[in-house]
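Note that the structure is a prediction, hence the values are computed from the model and not measured.
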Amino acid sequence: MKSKIILLFLLFLNLCIYSQKKPIENNNKEILPIDFNGCVKSIAIKSFSFNKKNETIDTTTIAYKVYFAKNGNIAKQINFDKSLDNEWKTIEYDELERIKTIKIKEDGKTRLISEQFFNNFSNYPDSTNIYHDGNKYKEKYINLFNKKNLIKQEYYAQDTLRHYNTYIYDNKNRLINDNFYNTKNGFGITLGKSITGDKDKKTLNPNEAIIYEYKKIKDTLITIKHQPKIWNEIKKEIKSNNFSLVILEKYSRDFLDNSRYTYKSKDSIFDCTYYYNEKREIRSFYKTITTPTSIVSNWKSDGFYNNEERTETTYIEVEYDTYNNWIRKKYSKDNITISLIKREIEYYCH
């Protein structure tokens, strides 16, 4: 079951035809609870989620162990079934913290589901292979570079070129054009002969392009990303030594769909998303303020709770080891524990 989930996830990634893709993205330091101080060799993590149903409590357990090189980079990640005994997935990294291989273990056998090959100058791989259905089906990405810039990315399925993207840069090496080209063997919509009355007819997805523009107004960097007459994204960024603010606005043609504000300072994160109606009035929103000891959520959603604004607070209790690394976090709401994370930390130098 788990392998099916992984493969569906990887397949979903492949459906995104725009932007410079990393089919296997390494964002583990952002999404996993593996922050630390000092000379950490490994962190074994068990995460518990508690959901009360009637008079019983359902418990969901996730267990994994992450190994680090002496410079702090991730070297390997192993995922387990509920305990730290039965491993089912292994991710291996190179010395630059780029994912090399992903393997899963089923019925006592280890199977390679993806592998990447890298150069020494880019976080983008030279090529990525993804294997499905017991290696019966293969997807492949091939990247071509001009100096250090990625200029072309080809996508193959079963060794057949399906589509490719080309990339153009300005004199500051900023991406300004992302062009998508389908091939005769590419993706599209096929109508059966029961509909056409003659024979199956395939209509290929059209070739399309995304344009990037850049501006700077005082301390604000503005990036405009758009597919002409279809959609538009405007990103505004302000950064200093003490804080950062990112505003992202998304439009369908000239209609503002939503906007997101993310403000980060040393000890807190404010994150807010607004959704708009056709008059550009706020119809719903979701806000969170995260600090080391709490998460305060405030929201209003169309069609729920009579459109009333609601607020809830999740409290965080933290326990540290001798070396000032946290080893236990408990999250509670209304005096009820909703999740718990435990960490066992092994050090190189202690």
For this session: Establish whether Leu175 and Phe145 are linked, either directly or via other cluster members, by ILVMFWY side-chain heavy-atom contacts under 4.5 Å.
Result: yes
Exercise. Regarding Tyr131 and Asn129, is there a side-chain donor-to-acceptor distance under 3.5 Å anywhere?
Worked result: yes
Exercise. Does any non-hydrogen side-chain atom of Ile345 lie less than 4.5 Å from one of Arg343?
Worked result: yes
Exercise. Using 30° and 60° as the class limits, which term best fits the ring planes of Tyr212 and Tyr214: parallel, tilted or perpendicular?
Worked result: parallel
Problem set entry | Worked verdict on Glu115 versus Thr101 for side chain to side chain donor-acceptor pair (under 3.5 Å) | CA-CA 4 Å; Glu115 59 183 339; Thr101 62; over 6 Å; no
For this session: Please say whether the positively charged group of Lys152, taken as NZ for Lys or CZ for Arg, lies over the ring of Tyr164, i.e. under 6.0 angstrom from the six-membered ring centre and within 45 degrees of the axis.
Result: yes
For this session: Tell me, with the steps shown, if Glu95 and Asn73 meet side chain to side chain donor-acceptor pair (under 3.5 Å).
Result: CA-CA 7 Å; Glu95 64 277 3; Asn73 285 348; over 6 Å; no
Problem set entry | Salt-bridge criterion met for Lys250 and Asp257 (N-O under 4.0 Å) | no
Problem set entry | Member of Ile224, Leu256, Asn232 meeting the side-chain contact (heavy atoms from CB on, under 4.5 Å) criterion with Glu249 | Leu256
Exercise. Under 30°, 30 to 60°, or over 60°: which ring-plane class applies to Tyr263 and Phe243, parallel, tilted or perpendicular?
Worked result: parallel
Exercise. Going by atom types only, do Ser297 and Glu312 share a side-chain donor-acceptor pair under 3.5 Å?
Worked result: no
Problem set entry | Connected via hydrophobic side-chain network under 4.5 Å: Tyr320 and Ile43 | yes
For this session: State whether Glu87 and Lys105 are salt-bridged, where the test is any N-O pair (Lys NZ or Arg NE/NH1/NH2 against Asp/Glu carboxylate O) under 4.0 Å.
Result: no
Exercise. Just by distance, with hydrogens left out, do Tyr347 and Asp321 show a side-chain donor and acceptor under 3.5 Å apart?
Worked result: yes
